[in-house]
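Take a look at the structure set out below.
Side-chain atoms are counted along with the backbone in the values below, which use heavy atoms only and exclude waters and symmetry mates. Both ligands and their constituent atoms are indexed starting at 1 by order of listing.
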Amino acid sequence: MSRQPNIDRITPIDKRNSYQVYLERAVVVFDGFKALDIEELGVYYNELRVIIGPNGAGKTTLCDVISGRTPLTSGNVWVSGVDIMRAGDVEIAGMGVGRKFQTPTVFDSLTVWENMDLALPRAKSVFPNLWFRITNAEKKKIETILEQVGLATEMSTQAMYLSHGQRQWLALSMLILAEPKLLLVDEPAAGLTDRETELTAELLLRLKGQHTIIVIEHDMEFVRRLNSFVTVMNEGKVLAEGKLEELRQNDEVAHAYLGR
Ligand SMILES: Nc1ncnc2c1ncn2[C@@H]1O[C@H](COP(=O)(O)OP(=O)(O)OP(=O)(O)O)[C@@H](O)[C@H]1O
Ligand SMILES: [Mg+2]
């Protein structure tokens with residue numbers, strides 16, 4: 001990923017078009033409290049961007065804005081060059097924004113395969129027809145994704161018997177199936193074992209380059225493994241940006257977050 005060296009010389013319109021996600025003077029106020037107050041933030045197409053910051057920094061609010069769940073109080077946000085301020089979350093989802101919430105949204109009583117079948121973008125099928133609608137191409141696609149996340153051997157396991165990590169990967173797999181342009185992943189390592197955390201990082205690294213991925217995470221070991229460009233948020237603002245090792249040298253960042 002090469003950073004554009006002279007970003008400040010680029011006109012606003014070019015910025016909107018060169019980023020998958022671009023926010024400008026983006027403010028969200030909840031009951032008089034500024035939860036988000038971003039002067040400028042851009043995430044490139046097919047970049048893997050990590051967002052860190054202390055509790056209440058506005059990270060989830062940022063994802064809510066990008067996915068259309070929370071409107072900006074003022075300012076602008078563009079996704080794929082399109083101003084999403086007037087679009088609803090359904091339209092935005094239609095633009096290819098996929099989102100994984102902290103609690104995985106999988107159906108416990110269904111098997112891994114059945115969950116994937118239901119997540120197929122075309123197959124909003126009624127249950128008795130579950131097996132009829134699926135094409136060979138779709139089957140292949142499901143198999144490929146499940147292999148990538150290490151769930152190929154669990155295809156006929158009911159989701160309730162999966163580990164927390166496996167459920168997270170299933171939820172991610174269901175998202176990937178829809179081939180989102182932009183994946184928003186909020187705290188994927190929360191509650192995972194060290195090994196599961198490691199595997200989740202590997203999974204995101206494998207997906208890197210195929211989608212634009214924004215990952216929010218507290219786990220510094222996980223962030224280190226992702227080895228990607230990091231945005232540090234604090235009190236609704238972008239406090240600093242850079243590689244993790246650069247940010248470690250930044251006193252302000254250390255004070256607000258890393259030094260905790
Ligand atoms: N719907 C809401 N109504 C009122 N205040 C809210 C709402 N959503 C978030 N906030 C407040 O906005 C601030 C930012 O919250 P946000 O959830 O974005 O933080 P975060 O960086 O994701 O924190 P965490 O690391 O704990 O998940 C917090 O002070 C929170 O209490
Ligand atoms: Mg949050």
query = Counting distance only, does the side-chain N/O of H211 pair as donor-acceptor with the main-chain N or O of P180 below 3.5 Å?
reply = yes

T60 N/O/S atom closer than 2.8 Å to the Mg ion (ligand 2) = yes

note = Within 4.0 Å of some non-hydrogen atom of A57, the atoms of ligand 1 are 19 (O), 20 (P), 21 (O)

remark   = Across all chains, not counting sequence neighbours, the side chain to side chain donor-acceptor pair (under 3.5 Å) partners of S173 are none

ask   = Can you find a side-chain donor-acceptor pair between Y161 and Q166 that sits under 3.5 Å?
value = no

ask   = Counting only heavy atoms, which portion of H218 has something under 4.0 Å from ligand 1: side chain, backbone, both, or neither?
value = side chain

task = State whether a side-chain donor-acceptor pair under 3.5 Å links T200 with Q168.
result = no

request  = Look at the side chain of E47 and the backbone N and O of Y44, then say whether any donor-acceptor pair between them is shorter than 3.5 Å.
outcome  = yes

query = So do the side chains of P188 and E217 get within less than 4.5 Å of each other, counting heavy atoms only?
reply = yes

query = Judging by distance only, is a nitrogen or oxygen of G53 under 3.5 angstrom from one on ligand 1?
reply = no

task = Output yes when the distance from some N or O of ligand 1 to some N or O of G58 is under 3.5 Å, and no in every other case.
result = yes

query = Between D31 and ligand 1, does any nitrogen or oxygen pair lie at a separation below 3.5 Å?
reply = no

query = Which atoms of ligand 1 have any heavy atom of F33 under 4.0 Å away?
reply = 12 (O), 13 (C), 29 (O)

message = List ligand 1 atoms under 4.0 Å from T61, heavy atoms only on the residue side.
response = 14 (C), 15 (O), 16 (P), 18 (O)

request  = May I ask you to check whether A35 has an N/O atom sitting below 3.5 Å from an N/O atom of ligand 1?
outcome  = no

key: Pick from G56, G236, C63: the one approaching atom 14 (C) of ligand 1 most closely through a non-hydrogen atom   = G56

key: CG on N234 to CG on L239, rounded to 0.5 Å   = 5.5 Å

request  = Could you tell me which atoms of ligand 1, counted from 1 in the order shown, lie closer than 4.0 angstrom to a heavy atom of N55?
outcome  = 23 (O), 24 (P), 25 (O), 26 (O)

Any residue meeting salt bridge (Lys or Arg N to Asp or Glu O under 4.0 Å) with E147, in chain and number order, not counting sequence neighbours = none

query = Which of these passes side chain to side chain contact (heavy atoms under 4.5 Å, CB included) with L41: I66, V77, L23?
reply = L23

ask   = Counting from 1, what ligand 1 atoms have a heavy atom of E187 closer than 4.0 Å?
value = 25 (O), 27 (O)

note = One finds that the ligand 1 atoms under 4.0 Å from a non-hydrogen atom of T60 are 17 (O), 18 (O), 20 (P), 22 (O), 27 (O)

